[in-house]
Undergrad: 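Quick one: the structure is below, and I'll ask about it shortly.
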Amino acid sequence: MVKTLDARTSQGSNGQQILTPSFTNGVPLLFAQVGLQISNPGMSIRTFFSGIVEITASQLPVNGNLVIEVYRGLGGSQQLVYRATTTVLDNPFFSPCILSFTGSEYNIPAPSNGQLVYSAYATFSYNPIYSVNNVRLGPESFNTTVYSDN
């Protein structure tokens, strides 16, 4: 039988105002982080996650790439568990650019401290001769649920 161990949401923005800091070309920006409490897990731990990142492409002077990466762990111990990418066009007819994602991770080792941490990063890459500001509008959110077998 499956049991839910914990569920968390990290919401950086509801999409109502421009977010700071803005993107720096090619530099990952932490937009969400959750700490899931793992108490008495069964043999098989798995996580389901989903999220959304939206940018205002109508403000862009150039096309670019938006990449979302989800890592398990903190600091130097982070392990990449998911990656998604999309092309962002500088055409106002394609604004906003929305990247929604869904992923999962299976057979996760039980954390010794009882907390399973996931961090979500967004990276926007574009031609460096252009300047990009005020494109991070949102919404930005990250949802996680961790399960195990009894």
Side-chain angles (χ1 to χ4, degrees), residues 1-57 59-60 63-89 94-126 128 131-150:
M1 177 164 221
V2 174
K3 71 176 179 177
T4 302
L5 300 176
D6 200 2
R8 304 284 173 153
T9 297
S10 176
Q11 182 160 5
S13 165
N14 61 6
Q16 299 300 311
Q17 33 185 287
I18 298 292
L19 296 170
T20 55
S22 190
F23 289 106
T24 301
N25 189 16
V27 177
L29 177 68
L30 177 68
F31 74 89
Q33 192 169 59
V34 294
L36 299 152
Q37 302 305 308
I38 307 298
S39 178
N40 299 318
M43 292 297 295
S44 177
I45 300 173
R46 56 198 172 276
T47 303
F48 173 79
F49 51 85
S50 64
I52 187 169
V53 172
E54 182 176 315
I55 63 174
T56 57
Q59 304 293 318
L60 294 177
N63 294 345
N65 289 313
L66 178 62
V67 176
I68 302 299
E69 293 179 323
V70 176
Y71 291 85
R72 178 175 24 94
L74 288 171
S77 67
Q78 289 185 342
Q79 179 177 347
L80 180 66
V81 296
Y82 182 85
R83 187 173 198 269
T85 186
T86 191
T87 300
V88 181
L89 303 175
F94 293 105
S95 185
C97 175
I98 301 168
L99 179 52
S100 59
F101 59 95
T102 303
S104 57
E105 185 181 26
Y106 294 91
N107 296 323
I108 304 163
S112 59
N113 65 357
Q115 186 175 50
L116 187 59
V117 176
Y118 286 92
S119 303
Y121 294 85
T123 305
F124 186 56
S125 300
Y126 50 91
S131 176
V132 172
N133 293 309
N134 299 326
V135 298
R136 222 180 129 214
L137 176 62
E140 290 180 355
S141 65
F142 181 57
N143 310 291
T144 57
T145 306
V146 64
Y147 306 93
S148 76
D149 297 329
N150 278 342

Undergrad: Less than 4.5 Å apart, side chain to side chain, heavy atoms only: is that true for Phe124 and Val88?
TA: yes

Undergrad: Which value, rounded to the nearest 0.5 Å, describes the distance between Ser10 atom OG and Leu30 atom CG?
TA: 8.0 Å

Undergrad: Check for a donor-acceptor pair, side chain of Asp6 on one end and backbone N or O of Gln37 on the other, with a separation under 3.5 Å.
TA: yes

Undergrad: Could you list the residues that satisfy salt bridge (Lys or Arg N to Asp or Glu O under 4.0 Å) with Glu54, not counting sequence neighbours?
TA: none

Undergrad: Would you mind reporting whether Glu105 and Arg72 have side-chain heavy atoms less than 4.5 Å apart?
TA: yes

Undergrad: Please give me the minimum heavy-atom distance between Gly35 and Gln115, naming the atom from each residue.
TA: CA-NE2, 3.7 Å

Undergrad: Under 3.5 Å, is there a donor on one side chain and an acceptor on the other for Asn65 and Ser125?
TA: no

Undergrad: Can you confirm whether Leu29 sits close enough to Thr123 that some side-chain heavy atom of one is under 4.5 Å from a side-chain heavy atom of the other?
TA: no

Undergrad: Does some side-chain heavy atom of Leu66 sit less than 4.5 Å from a side-chain heavy atom of Thr85?
TA: no

Undergrad: Name the one of Leu116, Val117, Leu5 that satisfies side chain to side chain contact (heavy atoms under 4.5 Å, CB included) with Leu36?
TA: Leu116

Undergrad: Run the side-chain donor-acceptor check on residues 39-50: report pairs under 3.5 Å with partners two or more places apart or on a different chain.
TA:
residue: Arg46; atom: NH1; partner: Ser44; partner atom: O; Å: 3.4
residue: Arg46; atom: NH1; partner: Asp149; partner atom: OD1; Å: 3.4
residue: Arg46; atom: NH2; partner: Asp149; partner atom: OD1; Å: 3.1
residue: Thr47; atom: OG1; partner: Tyr118; partner atom: OH; Å: 3.0

Undergrad: With a 3.5 Å cut-off and no angle check, do the side chains of Gln78 and Tyr121 form a donor-acceptor pair?
TA: yes

Undergrad: Looking at every heavy atom in both Thr24 and Tyr126, which two are closest together, and how far apart are they?
TA: C-OH, 4.3 Å

Undergrad: Search all heavy atoms of Phe101 against all heavy atoms of Val70 and return the closest pair with its distance.
TA: CE1-CG2, 4.0 Å

Undergrad: Measure the OG-CD1 distance between Ser100 and Ile68 for me, rounded to the nearest 0.5 Å.
TA: 10.0 Å

Undergrad: To the nearest 0.5 Å, tell me how far Ser112 OG sits from Ile38 CD1.
TA: 12.0 Å

Undergrad: Measuring from Arg136:CZ to Phe23:CZ, what's the distance to the nearest 0.5 Å?
TA: 6.0 Å

Undergrad: Let me confirm one number: the OG-CG distance from Ser119 to Leu80, rounded to the nearest 0.5 Å.
TA: 11.5 Å

Undergrad: Hey, mind stepping through Ile52 and Ile98 against side chain to side chain contact (heavy atoms under 4.5 Å, CB included) and telling me if it holds?
TA: CA-CA 7 Å; Ile52 187 169; Ile98 301 168; 3.5 Å; yes

Undergrad: Output the distance between atom CZ (Phe31) and atom OG (Ser141), rounded to the nearest 0.5 Å.
TA: 7.5 Å

